[in-house]
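A short worksheet on the structure shown next.
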Amino acid sequence: MLTRSTSNVPINEDQLVILLKSKDRKGFALLYDRYSAALYGVILKIVKFEELAEDVMQDSFVKIWKKIDTYDPQKGTLFTWVLNISRNTAIDKIRTPEYRRRITDTPLEDGLQHTGSNVQIAIDHIGINQVLESLAPEYQEVIDIIYFKGYTHQEASEHLGIPLGTIKTRVRIALRELRKLTKN
Amino acid sequence: MNIQEYIASGILESYVLGATDPEENRIVEKMIKKNTILRKEVEKNRKALHTYLWSYAQRPPQALRGNILDQLDTLDKE
C-alpha cells in the first residue's frame, strides 16, 4: 500500500492526465493528494454525514477511474471534471429514499458547521475565511441551494420564496463578487 | 441572440453551477467550443465557483486514502 504523500512531486496537469489515463496508481494517489480536501469538503457539505461522505468519495474515485478515458481537456480542467463527478455522486446520494428517511429521523442543525479552517489551503492570494466573509449571506444562500442541494433556479425560487428573476440576479452577482476575489 | 445577450441571459452561470439539464449542457458546450469570449466567460465563472468551494475544503479521514487506492487496485485486476 502506498502511504507516502506524493504531493511534493512536481507534475503538471497534462502529465497527471496521462498517468490517470494509463490507470497508474501513482496518478490516482497524486490526484487524491491534490484535490481530496476540496472534493471531500464539497461532498460533506452536500451529504452532511461523514461516513456517507467517505462512501461518496470512494464511489467518485471508482467512477473517475472507470471514466477517465472520456475526460476531454478541451471542455475544462481536470479539477472541474472530477468535481462534477463528485458533486453528481453526492447529489444522487441525497436523492435516495434511504437518505431522505435518514435526514427526517436525524435532528440536524441548519446546515453543517463550516469546518474549512481545519485545513490550510491557500486560494491564490486570499484567505479562506475572507471568501465567505466577502460574500453576503443572501448570495451564499442561492449558490448553496443550487450547487449543494442540486436545485434548479425554479426550485430555488419556490423553496426560498423569492422571485425567479431575483434568484438569477443573485447568482450573477455572487459569481461576479467571487470573480473579484479570484483575480490574481 | 448575440454574444453579449447570450452572456446576459445567465445561462453560463447556470451551466457552471450545474443547474442546466443535459440538453442545455450540450448547447452551451457547442457554443463555447465555437466562441472564445464565451469560453473565457465560463472559465472565469468556474474559477469564481472554485474559489468559493475551496473555502469549504476539509481533509478527509486519513484511512480513506489507502482504502480508495486499494479499491482501485482491485478494479485494475478485473
Side-chain angles (χ1 to χ4, degrees), chain A residues 1-3 23 25 28-29 32-33 36-38 40-42 44-45 50 53-54 57-58 61-62 65-66 74-77 79-80 83-84 87-88 91 114-116 118-119 121 123-124 126 128-129 131-132 135 140 143 146-147 150-153 168 171-172 174-179 181-182, chain B residues 7-26 28-36 38-78:
Chain A
M1 193 178 87
L2 184 75
T3 48
K23 308 272 167 106
R25 182 187 166 108
F28 284 86
Y32 188 92
D33 292 341
S36 61
Y40 190 71
V42 166
L44 189 58
K45 186 92 169 115
E50 298 235 22
E54 289 185 47
M57 272 286 271
Q58 190 127 9
F61 269 81
V62 169
W65 171 281
K66 287 183 173 167
Q74 298 219 303
K75 282 192 188 169
T77 62
F79 179 62
T80 298
L83 177 66
N84 282 343
R87 182 222 180 216
N88 291 340
I91 300 265
H114 179 242
T115 46
N118 284 2
V119 62
I121 292 159
I123 319 165
D124 294 335
I126 51 166
I128 285 165
N129 293 324
V131 173
L132 294 173
L135 197 63
Q140 292 189 31
I143 299 285
I146 292 167
Y147 192 80
Y151 284 23
T152 63
H153 288 31
K168 288 184 179 174
V171 165
R172 187 147 342 130
L175 286 174
R176 197 182 65 204
E177 292 305 304
L178 289 166
R179 271 162 71 154
L181 296 171
T182 309
Chain B
I7 291 171
S9 75
I11 185 82
L12 299 180
E13 285 92 341
S14 302
Y15 170 70
V16 164
L17 287 177
T20 41
D21 63 40
E23 176 60 12
E24 288 170 319
N25 288 344
R26 205 183 54 76
V28 171
E29 280 162 14
K30 214 168 118 189
M31 295 286 287
I32 61 179
K33 217 169 195 171
K34 287 192 298 196
N35 191 293
T36 320
L38 293 181
R39 193 159 55 236
K40 286 196 173 142
E41 193 63 21
V42 164
E43 276 317 308
K44 282 181 193 165
N45 284 335
R46 269 185 185 148
K47 275 194 181 159
L49 175 66
H50 294 173
T51 297
Y52 184 63
L53 299 180
W54 273 103
S55 73
Y56 286 105
Q58 185 171 340
R59 206 155 276 150
Q62 218 162 19
L64 189 61
R65 184 181 189 270
N67 292 346
I68 286 178
L69 292 176
D70 287 349
Q71 192 182 355
L72 296 182
D73 276 348
T74 66
L75 294 175
D76 204 13
K77 292 182 189 93
E78 271 169 19

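A, B, ... follow the sequence lines: proteins, then strands. Residue 1 opens every chain.
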Does the distance from a Lys or Arg side-chain N to an Asp or Glu carboxylate O, for Lys23(A) and Asp73(B), drop under 4.0 Å?
no
Rounded distance [0.5 Å steps], [atom1] in [X] versus [atom2] in [Y]:
X         : Y         : atom1 : atom2 : answer
Thr182(A) : Lys44(B)  : OG1   : NZ    : 11.5 Å
Arg39(B)  : Gln74(A)  : CZ    : CD    : 8.0 Å
Gln71(B)  : Phe61(A)  : CD    : CZ    : 11.5 Å
Leu17(B)  : Leu175(A) : CG    : CG    : 5.5 Å

Within-4.5 Å side-chain heavy-atom neighbours: [X] and [Y]:
X         : Y         : result
Tyr56(B)  : Leu132(A) : yes
Arg25(A)  : Asp70(B)  : yes
Arg65(B)  : Ser36(A)  : no
Phe28(A)  : Ile68(B)  : no
Val131(A) : Tyr52(B)  : yes

Under a 4.5 Å heavy-atom cutoff, which of Pro60(B), Ala19(B), Gly10(B), Ala63(B) has the most pairs with chain A?
Pro60(B)
Full working for side-chain contact (heavy atoms from CB on, under 4.5 Å) between Thr77(A) and Arg46(B)
CA-CA 10 Å; Thr77(A) 62; Arg46(B) 269 185 185 148; 5.9 Å; no
Engaged part of Glu13(B) at the chain A interface, taking heavy atoms whose separation is under 4.5 Å
both
Tightest non-hydrogen contact, residues His153(A) and Ser14(B), listed as NE2-OG, 3.0 Å
Determine the minimum heavy-atom distance between Pro61(B) and Tyr40(A), stating which atoms define it.
CD-OH, 3.5 Å
Counting only non-hydrogen atoms closer than 4.5 Å, does Arg176(A) touch chain B with its backbone (N, CA, C, O), its side chain (CB onward), both, or neither?
neither
Heavy-atom proximity to chain B below 4.5 Å, by part of Leu83(A)
side chain
Which one, Glu177(A), Lys168(A), Arg172(A), Glu50(A), leads in non-hydrogen pairs under 4.5 Å with chain B?
Arg172(A)
Could you tell me which of Val62(A), Thr152(A), Ile146(A), Val171(A) has the largest number of non-hydrogen atom pairs under 4.5 Å with chain B?
Val62(A)
With under 30° as parallel and over 60° as perpendicular, where do the rings of Trp54(B) and Phe79(A) fit, or are they tilted in between?
parallel
